[in-house]
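My questions all concern the structure below.
Computed from a prediction, not measured in an experiment: that's the story for all the values here.
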Amino acid sequence: MLSPYTVIELSSISTCLCGQILAQLGARVVAVEPYGGSWARRVGPFLDPSKRDIESSLYWWGYNRGKKSVTLDLEEEEGRAALARLLARADFLIEGFSPGYLASLGLSWEKLRNVNPRLVMVSITPFGQSGPKAKYADSDLIILAASGVLALTGDADRPPVKAPVPQSYLHASAEGAVAALIAHHERVRSGLGQAVDVSAQAATMMATQALVLGGHWGDDLFARAAGGIRVGPIHLRFVYRCLDGHVSITLLFGESVGPATKRLMQWMREERFVDENTVEKNWIDYVQLLRSGEEPITELFRIMDRVAAFCQAHTKRELTEGARRRQILLAPVATVAELLESPQLAARDYWVDVFHPGLTRSIKYPGAFAKLSRTPLKMDGRAPFLGEHNQEILRERSGAEAEKSDSRAHFDGASGAST
């Protein structure tokens, strides 16, 4: 789909997934790194934890497949001039620098679009290009907190903690890729590129779904409660222990979910974990009954305790297969090992083995994010070594020498600028 197009990615933690999505869509993605390597190469885990070698970061491997790597020092005039030449004939630019940094190097959006009017520039930053927090320092924890996500995750009796896998820039990268495609759609019509401004805070906020808006219309505020959620005095459990692990049950109410909850109670009644009165409760209007006091909250707690006892009497497989037959909203909580052995993922050929030079075995990777029948997504090989494609990319020629000279001329004022 994007095979005729070239993406220049100024590689950082915030840009990796955005570039990889475009690479899977067929674009030629060039990761531009400083001579010491992108910071994403320093993110663990590592193939050998004792060495922490920048060429063996599994984070880098996971989010940079199918890209090419070149090294440039953007603090030096030569590096900026080389980047300018690449951008003059590129189709997309992805960058995650602090707002104003590229402009300080003479590579502002205004100058870039004068040289390449078709360029789509995607900027991914913690809080966007403008506003009072635009240049705030950031971390995954800070962005998750600022987005409202931490209000909904973690234990109720202690402060929130960071997620074990950084999340915020994955949300932002995905939105950046989608926005790049929207801008590309317009470019096909008008011939003009655009600047795309992605805020990781805003992107991550969408993970709260509509809950982040509750306070604005006077609804009850949701709060974190490990394995569930708390609404005022109502604590809803979603994760339950079973004989060999855990399952997640959407134990909720209302027109859409209440019938599934009733079917769960019917199953529990068959196995004598609840009585008929429990089955016949008004699961559609149950929240209103709790709020009015007609149904005491202690009764909800009793029901969840019975659900817990029911789950502890079964294996994950028994619960999953029974829920599927009865159309109950239940799913097993899978471990990493179980995902690798998943019959569903195996049937879809999701896992792929990739060979890495210097290793005696291949490495198993996640496959493409979607299966397209007419235009299969492109999953080319491994992530690049640092500067692996310097010769190929930085020395390639795309026309007459005069054309290159013209491209440089446009950046005469830019190439030497540094503040």
| said: Please check if the number of heavy atoms outside Gln288 that lie under 6.0 Å from its CD is greater than 12. | reply: yes
| field | Under 3.5 Å: donor-acceptor pair, side chain of Lys316, backbone of Val333 | value | yes
| said: Is it the case that over 12 heavy atoms from other parts of the model lie below 6.0 angstrom from the CD atom of Glu255? | reply: no
| Under 3.5 Å, side chain of Asp197 to main-chain N/O of Gly128, donor-acceptor pair present? | no
| note | Nearest heavy-atom approach of Glu95 to Thr15 is C-CG2, 3.7 Å
| said: More than 12 heavy atoms of other residues, nucleotides or ligands under 6.0 Å from CH2 of Trp351: yes or no? | reply: yes
| Is Glu77 paired with Arg80 through a side-chain N to carboxylate O contact shorter than 4.0 Å? | no
| Can Lys51 and Ser56 be said to form a side-chain contact (heavy atoms from CB on, under 4.5 Å), step by step? | CA-CA 9 Å; Lys51 294 182 179 179; Ser56 66; 5.7 Å; no
| message | Test side-chain contact (heavy atoms from CB on, under 4.5 Å) on Tyr365 and Trp61; report intermediate values, then the result. | response | CA-CA 9 Å; Tyr365 278 80; Trp61 289 7; 3.2 Å; yes
| request: Over all heavy atoms of both residues, which pair between Asp353 and Ser362 is shortest? Give the atoms and the distance, please. | output: CB-OG, 3.6 Å
| field | Polar side-chain atom of Arg52 near backbone of Asp48 as donor-acceptor pair, under 3.5 Å | value | no
| Residue pair Thr71 / Glu33, side-chain donor-acceptor N/O under 3.5 Å | no
| Quick one: does Lys371's side chain have a donor or acceptor within less than 3.5 Å of a partner on Arg348's backbone? | yes
| said: Using the salt bridge (Lys or Arg N to Asp or Glu O under 4.0 Å) criterion, which residues pair with Arg382? Sequence neighbours excluded. | reply: Glu388
| note | Partner of Tyr286 under side-chain hydrogen bond (donor to acceptor under 3.5 Å, both in side chains), picked from Arg291, Glu295, Lys262, is Glu295
| request: Determine, step by step, whether Arg65 and Val352 satisfy the side-chain contact (heavy atoms from CB on, under 4.5 Å) criterion, reporting the C-alpha distance in whole Å, the side-chain angles of both residues, the deciding distance to 0.1 Å, and the verdict. | output: CA-CA 12 Å; Arg65 288 189 58 195; Val352 294; 3.5 Å; yes
| message | Before you tell me yes or no, could you show the steps for Leu330 and Thr320 under side-chain contact (heavy atoms from CB on, under 4.5 Å), namely the whole-Å CA-CA distance, both residues' side-chain angles and the distance that decides it to 0.1 Å? | response | CA-CA 7 Å; Leu330 178 151; Thr320 302; 4.1 Å; yes
| field | Set of salt bridge (Lys or Arg N to Asp or Glu O under 4.0 Å) partners for Asp349, sequence neighbours left out | value | none
| said: Suppose we screen for side chain to side chain contact (heavy atoms under 4.5 Å, CB included). Which residues come up paired with Thr204, at least two apart in sequence or across chains? | reply: Ile143, Leu144, Ser147, Val149, Ser168, His171
| query | Sub-3.5 Å donor-acceptor pair from the side chain of Thr250 to the main-chain atoms of Leu252, do we have one? | reply | no
| query | Going by heavy atoms in the side chains, are Tyr350 and Leu339 under 4.5 Å from each other? | reply | no
| said: Has Trp60 got a side-chain atom pairing as donor or acceptor with Pro384's backbone, closer than 3.5 angstrom? | reply: yes
| Once the angle between the rings of Tyr136 and Phe127 is folded into 0 to 90°, is it parallel (under 30°), tilted (30 to 60°) or perpendicular (over 60°)? | perpendicular
| said: For Ala146, is there any backbone N or O sitting under 3.5 Å from a side-chain donor or acceptor partner on Gln201? | reply: yes
| message | Test your reading of the model: is there a side-chain donor-acceptor pair from Lys67 to the backbone of Cys16, 3.5 Å cut-off? | response | yes
| Above 12 or not: heavy atoms from other molecules or residues under 6.0 Å from NZ of Lys135? | no
| What is the minimum heavy-atom distance between Asn64 and Gln20, and which atoms define it? | N-OE1, 3.0 Å
